[in-house]
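Order of the sequence lines fixes the chain letters, A, B, ..., with proteins taken first and strands second; residue numbering starts at 1 for each chain.
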There are 2 protein chains.
Amino acid sequence: MGAMTSTKDRILYASAELFRRKGYTGTGLKEVTTQAQAPFGSLYHHFPGGKEQLGEDVIRVSGAFFLQLFVFIADEAPDVVTAVQDFFRGAGETLVATDYEDACPIAVIALEVASTNETLRVATADVFTSWLDEAATRFVAAGIPAARARELALSFLSALEGAFILCRALRSTEPMAAAGAAAASEVRAALTTVA
Amino acid sequence: MGAMTSTKDRILYASAELFRRKGYTGTGLKEVTTQAQAPFGSLYHHFPGGKEQLGEDVIRVSGAFFLQLFVFIADEAPDVVTAVQDFFRGAGETLVATDYEDACPIAVIALEVASTNETLRVATADVFTSWLDEAATRFVAAGIPAARARELALSFLSALEGAFILCRALRSTEPMAAAGAAAASEVRAALTTVA
DNA sequence: ACTCCACTAGATAGATCGCTCTAGCGGGAA
DNA sequence: TTCCCGCTAGAGCGATCTATCTAGTGGAGT
């Protein structure tokens with residue numbers, strides 16, 4: 001049967017894509033199993049906690065993957081300013097390549113469940129925190145004081161997430177470019193102040 | 001019967017609140033009429049286009065209301081930098097006052113429908129555009145070149161929207177404060193460059 | 001008084017929701 | 001072989017979804 005991913009992975013991957021595109025409440029489990037080419041019963045075998053467990057797993061797995069992507073880009077870049085620029089640029093390219101469907105893997109879920117499902121809300125908070133910590137650590141390594149680094153990480157991620165919303169609604173990467181430029185110059189300013 | 005709002009307005013108001021809190025797909029029409037204390041049949045009398053028309057009306061009405069709020073704050077503030085600061089501060093206060101339920105009136109819908117419902121996507125794009133135009137106009141009036149003003153408006157709104165996501169997920173206003181400070185200093189820098 | 005129509009009121013249809021259930025398949029251990 | 005069990009497979013349950021339907025109400029216009 002050639003290269004075969006496990007049924008569980010296919011369900012997870014299909015869920016991640018559908019949740020990202022149509023939202024958590026907007027995605028049906030029947031649809032998930034169809035897209036994953038998996039029997040419906042298998043879903044509840046691998047995810048006995050049902051839709052909520054599936055949602056939580058998607059949030060945490062996608063979050064970890066996105067974190068690794070950030071780490072990879074940051075490691076490749078010569079400095080943090082370039083890293084920030086590369087990240088925004090890459091986000092814009094992904095948006096265009098996927099016809100504005102693939103943006104932040106968890107933003108839609110985060111907004112949907114923030115006031116309705118505490119388990120999933122905590123999962124999104126954990127993921128956001130892991131991203132913020134990673135970014136702040138990078139800024140500190142570049143010589144920026146911890147408190148300022150935390151601030152930079154928060155405004156960097158806010159700008160990125162907000163730009164995703166605007167880009168998808170406007171079907172344009174202009175917001176991503178503007179937000180990226182602003183974030184980069186903010187980091188640059190923080191660096192020159194230190195040096 | 002005292003002060004009585006019309007049935008249509010009650011349905012619109014209840015929908016806006018529920019969509020904002022639980023999302024578009026996550027809100028049922030039965031729930032809307034219950035919360036609005038309106039008979040179910042009245043919903044389809046006032047909104048013959050069903051849920052989609054209700055969604056579009058909510059987006060456009062909420063969008064216009066939010067625009068007026070921005071205009072009001074900007075008119076009250078002594079300068080644009082203060083206006084930006086006031087807006088972020090006000091957003092943070094609203095989040096706390098509503099237990100992190102009331103943020104951007106259309107962000108959740110915008111993300112949910114961006115890839116699934118073109119009518120609603122266009123409505124959110126129109127609203128975002130109206131906000132961006134208003135902000136850019138204010139920046140131009142303060143002496144910033146048009147192209148730069150547009151960039152500032154984009155990064156300002158991106159920061160605000162993204163901060164809403166992070167604040168609701170983390171249940172903290174820290175992202176709003178960081179994003180607000182960054183946006184304010186960016187506008188300040190744009191002003192000093194001109195002057 | 002009579003008509004008319006905007007509006008209220010809610011039962012109900014048909015589809016889909018998340019979830020549970022039983023049955024059967026297939027490969028490794030005894 | 002025989003047993004076992006992780007996994008596949010999908011029918012079906014009760015609830016809920018959006019939307020439609022008919023019936024009734026109340027007040028303005030003539």
Side-chain angles (χ1 to χ4, degrees), chain A residues 1-59 108-109 112-113 116-121 123, chain B residues 1-59 108-109 112-113 116-121 123:
Chain A
M1 240 224 214
M4 180 69 174
T5 53
S6 73
T7 302
K8 181 171 183 176
D9 283 349
R10 287 204 315 280
I11 292 176
L12 211 49
Y13 185 82
S15 303
E17 184 179 323
L18 289 169
F19 288 167
R20 200 168 42 200
R21 251 189 55 205
K22 322 179 49 181
Y24 177 74
T25 52
T27 301
L29 296 185
K30 280 273 197 322
E31 195 179 1
V32 167
T33 52
T34 301
Q35 170 124 345
Q37 297 196 11
F40 188 79
S42 296
L43 193 152
Y44 277 85
H45 173 77
H46 294 293
F47 304 91
K51 193 179 190 182
E52 188 176 69
Q53 184 192 336
L54 185 57
E56 182 169 3
D57 283 8
V58 164
I59 290 168
V108 201
I109 313 183
E112 280 183 287
V113 305
T116 57
N117 186 316
E118 187 64 7
T119 302
L120 296 186
R121 195 222 101 217
Chain B
M1 242 229 210
M4 179 72 171
T5 54
S6 73
T7 302
K8 182 172 183 177
D9 283 348
R10 287 204 316 279
I11 292 176
L12 212 49
Y13 185 82
S15 301
E17 182 179 325
L18 288 169
F19 287 168
R20 200 168 43 201
R21 252 188 56 202
K22 322 179 49 181
Y24 177 75
T25 52
T27 300
L29 296 185
K30 278 275 197 318
E31 196 179 359
V32 167
T33 52
T34 301
Q35 171 125 346
Q37 297 196 13
F40 188 78
S42 298
L43 193 151
Y44 277 86
H45 173 76
H46 294 292
F47 304 91
K51 193 180 188 181
E52 189 177 66
Q53 184 191 337
L54 185 58
E56 182 168 4
D57 284 7
V58 163
I59 290 167
V108 200
I109 312 183
E112 279 183 288
V113 304
T116 57
N117 186 317
E118 188 63 7
T119 302
L120 296 187
R121 194 223 102 218

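Note on A/S42: every side-chain N or O is 4.0 Å or more away from OP1 and OP2 of D/dC7. Considering only side-chain N and O atoms, A/H46 lies under 4.0 angstrom from the phosphate OP1 or OP2 of D/dT8.
Rounded to 10°, the helix from C/dA1-D/dT30 to C/dA30-D/dT1 has 0° between the axis fitted to its first five pairs and the one fitted to its last five.
When each of B/E17, B/E112, B/E31 is paired with B/K22, the salt bridge (Lys or Arg N to Asp or Glu O under 4.0 Å) condition holds for B/E31 and for no other.
Counting to the nearest Å, the P atom of C/dA6 and the CZ atom of B/F47 are 16 Å from each other. Whole-Å rounding puts the B/I11 CD1 to C/dC7 P distance at 11 Å. Rounded to whole Å, atom P of C/dT8 lies 13 Å from atom CD of B/Q37. Note: CD (B/Q53) to P (D/dT18) measures 15 Å, nearest angstrom. Protein atom NZ of A/K8 is 13 Å distant from nucleotide atom C1' of D/dC7, rounded to whole Å.
Taking 4.5 Å as the limit, some side-chain heavy atom of A/E52 sits within range of a side-chain heavy atom of A/Y24. Residues A/F47 and A/L12 are in side-chain contact: their nearest non-hydrogen atoms beyond the backbone lie under 4.5 Å apart. Contact annotation: the side chain of B/L29 approaches that of B/Y44 to within less than 4.5 Å [non-hydrogen atoms, C-beta and beyond].
Ranked by how close their nearest DNA chain D nucleotide is to the 5' end, A/F40 and A/H45 are led by A/H45.
Listed by residue number, A/T27, A/G28, A/L29, A/K30 are the residues of residues 22-31 of chain A with a heavy-atom contact under 4.0 Å to DNA chain C.
The line from OG1 of B/T27 to CD of B/Q35 is 9.5 Å long, rounded to the nearest 0.5 Å. Between B/L43 atom CG and B/T33 atom OG1 the span is 6.5 Å, to the nearest 0.5 Å.
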N/O-N/O pairs, protein side and nucleotides 21-27 of chain C side, under 3.5 Å:
none

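The number of heavy atoms from other shown groups lying within 6.0 Å of OH (A/Y13) does not exceed 12. Atom CD of B/E118 is surrounded by more than 12 heavy atoms from other residues, nucleotides or ligands within 6.0 Å.
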As a quick check of understanding, evaluate side chain to side chain contact (heavy atoms under 4.5 Å, CB included) for A/L54 and A/D57, giving each step before the final call. CA-CA 5 Å; A/L54 185 57; A/D57 283 8; 5.5 Å; no

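Between A/T25 and B/T25, the side chains place a donor N or O and an acceptor N or O closer than 3.5 Å (distance only, hydrogens not considered).
Formation of a donor-acceptor pair under 3.5 Å by the A/R121 side chain with backbone atoms of A/V113 is not found in this model.
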